[in-house]
Amino acid sequence: MNEASNPLPLLGMTPAELKNIAISLKMPSFTGKQIAEWLYKTQVGNIDEMTNISKINRQKLSANYSIGNMPHIEVQTSRDGTKKYLFPTSTGKYVETVFIPEGDRATLCVSCQVGCKMNCLFCQTGKQGFEGSLTAADILNQIYSLPERELLTNIVFMGQGEPMDNLDNVMRATEVLTAEWGYAWSPKRITVSTVGIKNGLKRFIEESQCHLAISLHSAIHEQRAMLMPAEKAMPIKDVIDMLRSYPFFRKNDASTAHQRRLSFEYIVFDGLNDSMTHAREITNLLNGLDCRVNLIRFHTIPDTPLKTSNEKRMETLRDYLTSHGIFTTIRASRGQDIFAACGLLSTAKRKQET
């Protein structure tokens, strides 16, 4: 068993695993189902709130386990209503999570790692370096302990880290979110983003129904490799070829249409990837895929010469892609004044302070 001073989190466990815990602690086996309901339906703050479990059994459980919930230690609020939360992790580190309200929608951008291995030129998280992957409990805590959790309509795995580099825990978290015994969300409310790690991507596509977003940023190999070192080992052309092998990502497949959404994230840099040449390359690359492209403004970070493209070029790029059958939008920037916008998340400063 575990030391009382270091209890294991229950958050992220399945009913079968919770049943095994109950049996190991000499509780009735049905206690596992009760614990799951308290965790995922009621979302209790501590084990003592599980009132249909006897006091002595709650004490047994508390001696070895905890809920795994940890409140945020800091919050910043943007002029536009976006909130950036700083959550502790089970290893004593920190991650940033962004809550984005918009009309009758509210999206949460969650993190899956502290820092990131991908080292993309335009991303502040990558410049932090890699400090470790989050557990499923750490990922779910960003939702479980969010003050606005009841308002959430969508979750995007677009915060710190590369989801396919921590796929076991990301998949466990999305299982809890979508399972009937868990949060019972539709997979269509969840989008997972990746630079395109092929082995992880293949597994994610085949084992999950959640939406998929690919970080593109250039359709030209040499240029994408300059922006994203991962391109050298995992060329985007190979990733696209793999996506084409799945019917539900192909255009005009009526039998599987709209099962899940495929999108491409494209940060538009001034004079680098915003020309008509780039528009044509994108069109050629994505030909035949049932997908959309999200154009994103670049938010300046230290020690990079990159600048964001102007509005006119972004609109021209959008209109060209749309006219060639690729639904394209310009994503509104949110939370830039609190460094919560795309590519700005980092807990490096917090590490230095501690």
Do R292 and E265 sit within salt-bridge range, that is, some charged N less than 4.0 Å from a carboxylate O?
no
Check this for me, if you would: do K117 and D165 make a salt bridge, where the nitrogen-to-carboxylate-oxygen distance has to be below 4.0 angstrom?
yes
Within-4.5 Å side-chain heavy-atom neighbours: M226 and E231
no
Please determine whether a side-chain nitrogen of the Lys or Arg among K237 and D241 lies less than 4.0 Å from a carboxylate oxygen of the Asp or Glu.
yes
Note, Q223 side chain near N273 side chain (heavy atom, < 4.5 Å):
yes
Within the structure provided, determine whether Y65 and P9 are in side-chain contact (heavy-atom separation under 4.5 Å).
no
Which value, rounded to the nearest 0.5 Å, describes the distance between M228 atom CE and M234 atom CE?
8.5 Å
Going through the checks in order, is the side chain to side chain donor-acceptor pair (under 3.5 Å) test met by S263 and H211?
CA-CA 8 Å; S263 58; H211 292 321; over 6 Å; no
Flag the pair L61 / I21 as yes when at least one side-chain heavy-atom distance between them is below 4.5 Å, and no otherwise.
yes
Nearest heavy-atom approach of L152 to T107 is CD2-C, 4.3 Å
Interatomic distance, OH@Y144 vs CG@L11, rounded to 0.5 Å, equals 6.5 Å
Can you confirm whether R244 is buried at CZ, in the sense that more than 12 heavy atoms of other residues, nucleotides or ligands lie under 6.0 Å from that atom?
yes
State whether K251 and D290 are salt-bridged, where the test is any N-O pair (Lys NZ or Arg NE/NH1/NH2 against Asp/Glu carboxylate O) under 4.0 Å.
no
Heavy-atom closest pair (K93 atom, E131 atom, distance to 0.1 Å) is CE-O, 3.3 Å
Going by atom types alone, do T316 and D319 pair a side-chain donor with an acceptor below 3.5 Å?
no
Can you confirm whether D138 sits close enough to V95 that some side-chain heavy atom of one is under 4.5 Å from a side-chain heavy atom of the other?
no
Is there a path of hydrophobic side-chain contacts, each under 4.5 Å between heavy atoms of I/L/V/M/F/W/Y residues, joining M314 to M276?
yes
Answer yes or no: does atom CD of E102 have more than 12 heavy-atom neighbours from other residues, nucleotides or ligands under 6.0 Å?
no
Tell me yes or no: between the side chains of Q43 and Y183, is some donor less than 3.5 Å from an acceptor?
yes
Is there side-chain contact between E315 and I330, with at least one heavy-atom pair below 4.5 Å?
yes
Minimum side-chain heavy-atom gap F157-S193 below 4.5 Å:
no
What residue pairs, at least two apart or across chains, pass ring-ring contact (aromatic ring centres under 6.0 Å, His included) with a residue in residues 263-294?
F122-F269, F269-F298
From CZ (R149) to CD (Q142), nearest 0.5 Å
14.5 Å
Are the side chains of H72 and P147 in touch, meaning some heavy atoms are under 4.5 Å apart?
yes
Rounded to the nearest 0.5 Å, what separation is found between the NZ atom of K84 and the OG1 atom of T97?
10.5 Å
Under a 3.5 Å cutoff, is there a donor and acceptor pairing between the side chains of E49 and N46?
yes
Smallest heavy-atom separation, S208 atom then C210 atom, equals OG-N, 3.0 Å
Residue D303 excluded, over 12 heavy atoms near CG under 6.0 Å:
no
Will you find, in the side chains of Y85 and E148, an N or O donor that is under 3.5 Å from an N or O acceptor?
yes
Test your reading of the model: is there a side-chain donor-acceptor pair from R224 to the backbone of H217, 3.5 Å cut-off?
no
CD/Q128 to CD/Q113 distance, rounded to the nearest 0.5 angstrom?
11.0 Å
Determine, stepwise, if the pair Y94 / Q160 fulfils side chain to side chain donor-acceptor pair (under 3.5 Å).
CA-CA 10 Å; Y94 303 91; Q160 292 177 259; over 6 Å; no
Exceeds 12 heavy-atom contacts within 6.0 angstrom, atom CG of N199:
no
Any salt bridge between E37 and K41, counting N to O under 4.0 Å?
no
NZ of K33: more than 12 outside heavy atoms within 6.0 angstrom?
no
Hey, any chance L140 and L151 share a hydrophobic cluster, counting ILVMFWY side chains that come within less than 4.5 Å of each other, even indirectly?
yes
Report the C-alpha distance between N169 and N166 in whole Å, list the side-chain angles of each, state the deciding distance to 0.1 Å, and finish with yes or no for side chain to side chain donor-acceptor pair (under 3.5 Å).
CA-CA 6 Å; N169 289 309; N166 186 21; 3.0 Å; yes
Rounded to the nearest 0.5 Å, how far apart are CG of L295 and CG of L321?
6.5 Å
Trace of the side chain to side chain donor-acceptor pair (under 3.5 Å) decision for T14 with E175:
CA-CA 9 Å; T14 66; E175 179 186 10; over 6 Å; no
Geometric class of the H324/Y320 ring pair [parallel <30°, tilted 30-60°, perpendicular >60°]
parallel
In terms of heavy-atom contacts, P88 and I73 come closest through CD-CG2, 4.2 Å
State whether the side chain of T329 and the backbone N or O of R331 hold a donor-acceptor pair below 3.5 Å, judged by distance alone.
no
Is it the case that atom NZ in K19 sees more than 12 heavy atoms from other parts of the structure closer than 6.0 Å?
no
Backbone of I53 reached by a side-chain donor or acceptor of R58 within 3.5 Å:
yes
Checking side-chain contact (heavy atoms from CB on, under 4.5 Å) for the pair V268/R297: CA distance, chi angles, key distance, verdict?
CA-CA 6 Å; V268 191; R297 295 171 182 84; over 6 Å; no
Which atom of M158 lies closest to which atom of A213, heavy atoms considered:
CE-CB, 3.8 Å
Test log, rule side-chain contact (heavy atoms from CB on, under 4.5 Å), inputs R203 and D168:
CA-CA 10 Å; R203 179 185 160 200; D168 285 344; 2.6 Å; yes
Kindly indicate, with the supporting measurements, whether the criterion side-chain contact (heavy atoms from CB on, under 4.5 Å) is fulfilled by F99 and L146.
CA-CA 9 Å; F99 173 73; L146 184 79; 4.1 Å; yes
Nearest heavy-atom approach of L272 to L306 is CD2-CD2, 3.7 Å
More than 12 non-hydrogen atoms from neighbouring residues, nucleotides or ligands closer than 6.0 Å to CD on E206, yes or no?
yes
